[in-house]
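Written out below as structure tokens is the structure these notes cover.
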Amino acid sequence: MTEVLPSFHDYYLTGYTVDGERDEIHLTLRWRDEPQGKFPDVTVTFGGVAAYFFEHDLGQNILFDIEEFPLAQCLNAQAARFDEQCRWGWPRFWQHGHEAALSTLTQQGVRAFAISPSYGMSGWILAQTVHHQ
């Protein structure tokens, strides 16, 4: 079953971890300025991570949202970056170019997720699964 994320509009993105061995990314979110405990922190976990890109991390970021968007759109938007960076092996799936990457990632069930900020960090994650708790 494909999980659809709820809205995380105005949540604080207080931290993230990247587990390269497990191909996972964990985002830690806190609801606005509420005391811890009243609204517990939320962890959003991405599994089967194929690639990610984050920028403008301010430490205390405020999300506009985390939303899925079309994989092909992400690859098209990032093609110049991938062409430039693939000589250093990133992203791993780009070694044979755009069409091969799209085919491979689609077969693997990889989905694209945008991290949109109200303030601070933005970016995207390509992953097979996502869930929150």
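All values derive from a computational prediction rather than experimental measurement.
- Among pairs with a residue in residues 42-61, those fulfilling side chain to side chain donor-acceptor pair (under 3.5 Å) read H26-T45, D57-N61, at least two apart in sequence or across chains.
- For Y11, the ring pair (Phe, Tyr, Trp, His ring centres under 6.0 Å) partners two or more places apart in sequence, or in a different chain, are F8, W31.
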Mind listing the side-chain donor-acceptor pairs of residues 13-20 below 3.5 Å, one per line with the distance, residues two or more places apart or on another chain?
residue	atom	partner	partner atom	Å
T14	OG1	T28	O	3.3
D19	OD1	E21	N	3.2
D19	OD1	R22	N	3.0

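- Counting non-hydrogen atoms of other residues, nucleotides and ligands closer than 6.0 Å to CZ of F82 gives a total above 12.
- For S7, the side chain to side chain contact (heavy atoms under 4.5 Å, CB included) partners are H9, D65, not counting sequence neighbours.
- E84 meets the side chain to side chain contact (heavy atoms under 4.5 Å, CB included) test with R87, W88; sequence neighbours excluded.
- Sorted by first then second residue, the side chain to side chain donor-acceptor pair (under 3.5 Å) pairs that include residues 117-133, not counting sequence neighbours, are E3-H132.
- There is no path of hydrophobic side-chain contacts, each under 4.5 Å, that joins V49 to F53.
- For the residue pair A112 and C74, the shortest heavy atom distance occurs at CB-CB, 4.0 Å.
- Atoms CD1 and CD1, on I125 and I115 in that order, are 4.0 Å from each other to the nearest 0.5 Å.
- Linking Ile, Leu, Val, Met, Phe, Trp and Tyr residues whenever their side-chain heavy atoms come within less than 4.5 Å places L5 and F54 in a single cluster.
- Of all heavy-atom pairs between P117 and M121, the closest is CB-O, 3.2 Å.
- By the salt bridge (charged side-chain N to carboxylate O under 4.0 Å, His left out) test, E99 pairs with no residue at all, sequence neighbours left out.
- The side-chain heavy atoms of L75 and L105, taken from C-beta on, include a pair separated by under 4.5 Å.
- Pairs passing the side chain to side chain donor-acceptor pair (under 3.5 Å) check and including a residue from residues 74-83, sequence neighbours excluded, read N76-H98, Q78-R81, D83-W94.
- For T104, the side chain to side chain contact (heavy atoms under 4.5 Å, CB included) test picks out Q108, with sequence neighbours left out.
- For the ring pair (Phe, Tyr, Trp, His ring centres under 6.0 Å) test, residues two or more places apart in sequence or in another chain that qualify with F113 are F46.
- You'll find the side chain of I66 reaches within 4.5 Å of the side chain of L27, heavy atoms only.
- Between F93 and L126, some side-chain heavy-atom pair lies under the 4.5 Å cut-off.
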